[in-house]
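Index from 1, following the sequence. The structure presented is a predicted model; accordingly, all values stated were derived computationally and were not measured.
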Amino acid sequence: MPTRVMGLASGMDIDTIIKDLMKAERVPLNKMKQEQTLLEWKRDAFREINTQIFNFKNTMFDYTLSKNYRTKYVTSTNETFISAVASNNAIIGSYAIEVKQMATAATLISGKLSTDETIDLSQKIEDFLPQDYEWKSGKIHSQQIIVQERTNTVKLSLDEGTQIIDGKMNVFIDGKIYEVVTSADNLQEHQVYFNQETGELTFGKELSEKTRIAVEFATEAPPEESESFLSFSITSYTKEGKQQTMHFFIKQGETLDGVMKKISQSALGVTMFYDNFNNQMVLTMNETGNLNRNGAEISVSGDFLTDFLKFSDEQGAKYIEGKNARFIINGLETERFSNTFEMNGVTFTIKGITEQPVYLQVNHDYDTIMENIKSFVEKYNEIVEMIEEKLRETRYRDYLPLTDEEREKLTDKQQEQWEEKARSGLLRHDPILSRFITELRMALSSPVDHPEQNTGFRSLADIGITTTSDYMSAKLEINETKLREAIEKNPDAIARLFNAEGNSDNEKGIARRLHSIANATEKEIAEHAGKGTYQNHQFTLGRQLMRIEDDIERFENRLKMIEDRYYRQFRRMELAIQRANNQSVMLMSIFNPFQSQ
């Protein structure tokens with residue numbers, strides 16, 4: 001780096017002179033940086049547009065779904081007793097329903113736990129039981145097994161010779177209880193056989209890779225590893241009529257409230273609660289209906305439940321069987337497990353027993369279909385308007401990005417106003433966006449030539465949707481009267497006009513075409529302007545930015561060399577002037593010897 005001189009010999013402000021000289025040299029660099037800034041602004045503008053196109057694409061996908069055009073509704077002459085909700089696939093029709101019996105859940109009510117005081121649910125189990133209660137001794141295990149490859153056999157982690165206490169074991173897959181049986185012969189899908197000698201579990205079906213199996217059981221253990229616990233079992237039934245039994249292992253120190261939560265949160269599908277008014281415990285099925293026609297839907301075993309919580313006949317327990325909902329629908333007497341049931345795409349909810357039939361009618365929801373199509377047009381017009389504004393936006397070519405020196409001369413408000421004009425029109429007449437608008441126009445104007453679309457609704461114009469009177473714009477407008485008539489005439493044809501599938505664009509519905517166009521344009525813009533996660537080398541504008549950055553770096557190095565050359569030249573000038581001054585002083589001293597005295 002050359003020595004910086006301050007013009008001591010010449011009396012000149014060398015730094016200012018060189019700074020002014022470099023201003024002229026930096027003009028091409030400023031232009032490069034302005035071009036760089038314009039490219040970055042253009043990239044950002046494209047990405048903002050692409051975000052809107054992405055949202056538009058997703059919106060168009062939603063409009064390919066039948067729910068937007070096949071909505072139905074149900075009217076009831078008495079919703080106090082029967083209400084209904086129609087799905088999109090509901091069949092238009094009427095129903096007369098007379099309810100004879102409501103569905104109820106099976107319930108098992110214990111005998112009175114005490115005659116004089118209520119039970120403190122926060123007390124520990126051992127405080128509730130007599131002091132001479134015989135606790136079991138052993139170790140409670142809870143193992144998780146992840147299947148590594150497709151198989152129907154897995155092995156527990158057990159020490160050799162370990163015995164399962166009472167042979168009680170719970171096996172779960174995805175929260176579903178599997179029945180543990182004593183033989184591997186003729187295993188059903190919901191069954192599993194445990195081999196005590198090998199510790200293997202054999203399932204009645206092949207398990208896929210990554211299947212998670214949960215197993216609970218208690219084993220004998222040496223005194224130093226043993227813990228005191230009690231066990232009991234509860235059996236319930238599923239809606240399919242399958243029996244499921246679960247064993248509970250309760251350690252000393254657990255509370256009655258904790259036991260109730262374990263039961264209620266288990267996979268049995270039962271809820272347990274305590275009624276402090278009657279001082280009784282209750283077990284009730286979560287599902288209504290008579291799920292076991294051959295007997296009780298809830299049964300218990302284990303002295304803790306039968307003797308101490310008094311869930312046995314001897315202790316005064318009472319069982320109330322579950323009942324099915326019984327009703328007559330359009331003259332047919334039938335039953336359901338639940339008070340809510342589905343038929344022909346309609347979900348009915350029974351709320352009470354009726355003395356006379358309740359009449360329900362399923363109809364097309366024309367108002368909702370109308371609003372959905374109007375919303376489709378609004379979303380389309382929003383994206384078109386935004387892009388057309390960008391394509392027509394004025395480009396102020398005299399307003400370039402400000403340099404640092406130019407910014408220093410302007411206020412913040414002036415800088416903001418300048419930048420607004422500098423950013424304007426960056427996407428004016430852009431070919432990608434222009435092509436997008438053109439393709440949207442063609443997709444809307446081309447008829448839908450689907451084999452099933454032979455009703456006359458082959459274009460948006462047929463249902464009252466046309467382009468506006470502004471021929472420069474691709475925006476749409478709606479003749480609501482004509483659209484309403486078309487919807488009421490044939491809503492299925494309206495649906496196909498928007499969401500029909502086909503092998504070619506001509507056969508596809510309008511929404512599917514727009515979705516495809518938006519998807520293709522989104523990808524094209526991403527290739528041109530990238531995304532937030534892209535590196536510069538992955539898209540066109542990014543590669544241009546990389547080239548400009550390289551040019552800027554090379555030019556800055558060149559400017560550094562030019563500046564150094566200027567300083568060297570002025571240093572040589574200073575040295576020359578200094579030598580001349582020295583020589584002048586020497587000559588004057590020679591010709592005027594008395595001057596020095």
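- Side-chain contact between Ile213 and Val171 is present, with at least one heavy-atom pair separated by less than 4.5 Å.
- Using cut-offs of 30° and 60° for the angle between ring planes, the Tyr95 and Phe348 rings count as perpendicular.
- Counting only heavy atoms from C-beta outward, the side chains of Phe376 and Ile478 never approach each other to under 4.5 Å.
- Checked options Asn78, Ile97, Thr77, Val346; the residue passing with Leu360 is Ile97 (criterion: side-chain contact (heavy atoms from CB on, under 4.5 Å)).
- Salt-bridge formation is detected for the pair Glu98/Lys100: a Lys NZ or Arg NE/NH1/NH2 atom is positioned less than 4.0 Å from an Asp or Glu carboxylate oxygen.
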Applying side-chain contact (heavy atoms from CB on, under 4.5 Å), run through Met272 and Leu309 and close with a yes or a no. CA-CA 12 Å; Met272 186 177 188; Leu309 293 188; 3.7 Å; yes
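- The pair Arg150-Glu206 meets the salt-bridge criterion, with a side-chain N (NZ, NE, NH1 or NH2) lying under 4.0 Å from an Asp/Glu carboxylate O.
- Contact of the Phe311 side chain with the Met281 side chain is registered, since non-hydrogen atoms from C-beta on lie closer than 4.5 Å.
- With a 4.5 Å cut-off on side-chain heavy atoms, Val74 and Val85 do not count as touching.
- Annotation: cation-pi pair Lys176/Tyr178 present, NZ/CZ under 6.0 Å from the ring centroid and within 45° of its normal.
- With contacts defined as side-chain heavy-atom distances shorter than 4.5 Å, the pair Leu108/Val282 does not qualify.
- Met260 approaches Phe273 most closely through the heavy-atom pair CE-CA, 3.4 Å.
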Go through it in stages, so that I can follow the logic: the residues are Met386 and Gln52, the test is side-chain contact (heavy atoms from CB on, under 4.5 Å), and I'd like the CA-CA distance, side-chain angles, deciding distance and then a yes or no. CA-CA 9 Å; Met386 180 192 65; Gln52 299 304 317; 3.5 Å; yes
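- More than 12 heavy atoms of other shown residues, nucleotides or ligands fall within 6.0 angstrom of atom CD in Glu209.
- Remark: Arg47 is positioned above the aromatic ring of Phe539, its terminal NZ or CZ atom under 6.0 angstrom from the ring centre and at most 45 degrees off the axis.
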Intermediate values then yes/no, ring-ring contact (aromatic ring centres under 6.0 Å, His included), Tyr193 and Phe203: CA-CA 6 Å; Tyr193 166 67; Phe203 291 84; over 10 Å; no
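- Between Leu230 and Trp135 there is a side-chain heavy-atom pair separated by less than 4.5 Å.
- Classification of Asp166 and Lys136 as a salt-bridged pair holds, one side-chain N sitting under 4.0 Å from a carboxylate O.
- A 6.0 Å sphere centred on CG of Asn330 holds more than 12 heavy atoms belonging to other residues, nucleotides or ligands.
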Stepwise side chain to side chain donor-acceptor pair (under 3.5 Å) check, Thr284 with Thr107: CA-CA 4 Å; Thr284 185; Thr107 302; 3.2 Å; yes
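- In this structure, Arg212 does not pair ionically with Asp174, as no charged nitrogen and carboxylate oxygen lie closer than 4.0 Å.
- Under the 4.0 Å criterion applied to side-chain N and carboxylate O atoms, Lys508 and Glu501 are not assigned as salt-bridge partners.
- Residues Asn58 and Asn55 have side chains that never bring a donor and an acceptor to within less than 3.5 angstrom of each other.
- Between Glu216 and Lys262 no salt bridge is recorded (no basic side-chain N to carboxylate O distance below 4.0 Å).
- Residues Arg336 and Phe327 meet the side-chain proximity criterion, which asks for heavy atoms closer than 4.5 Å.
- With hydrogens and angles ignored, the 3.5 Å screen pairs no side-chain donor or acceptor of Thr288 with any backbone N or O of Ala105.
- Contact of the Tyr69 side chain with the Phe498 side chain is registered, since non-hydrogen atoms from C-beta on lie closer than 4.5 Å.
- A salt bridge links Arg484 to Glu488: one of the charged nitrogens lies within less than 4.0 Å of a carboxylate oxygen.
- The pair Asp257-Lys124 does not meet the salt-bridge criterion, since no charged nitrogen lies less than 4.0 angstrom from a carboxylate oxygen.
- Among all heavy-atom pairs drawn from Lys251 and Glu254, the shortest one is N-OE2, 3.0 Å.
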Asp313 vs Tyr319, test: side chain to side chain donor-acceptor pair (under 3.5 Å). Steps then yes/no. CA-CA 9 Å; Asp313 294 340; Tyr319 174 73; over 6 Å; no
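- Around CD of Glu224, the count of heavy atoms belonging to other residues, nucleotides or ligands within 6.0 Å exceeds 12.
- Checking Thr71 against Thr368 by side-chain atom types alone, no donor-acceptor pair falls below 3.5 Å.
- A side-chain donor-acceptor contact under 3.5 Å links His141 and Thr219.
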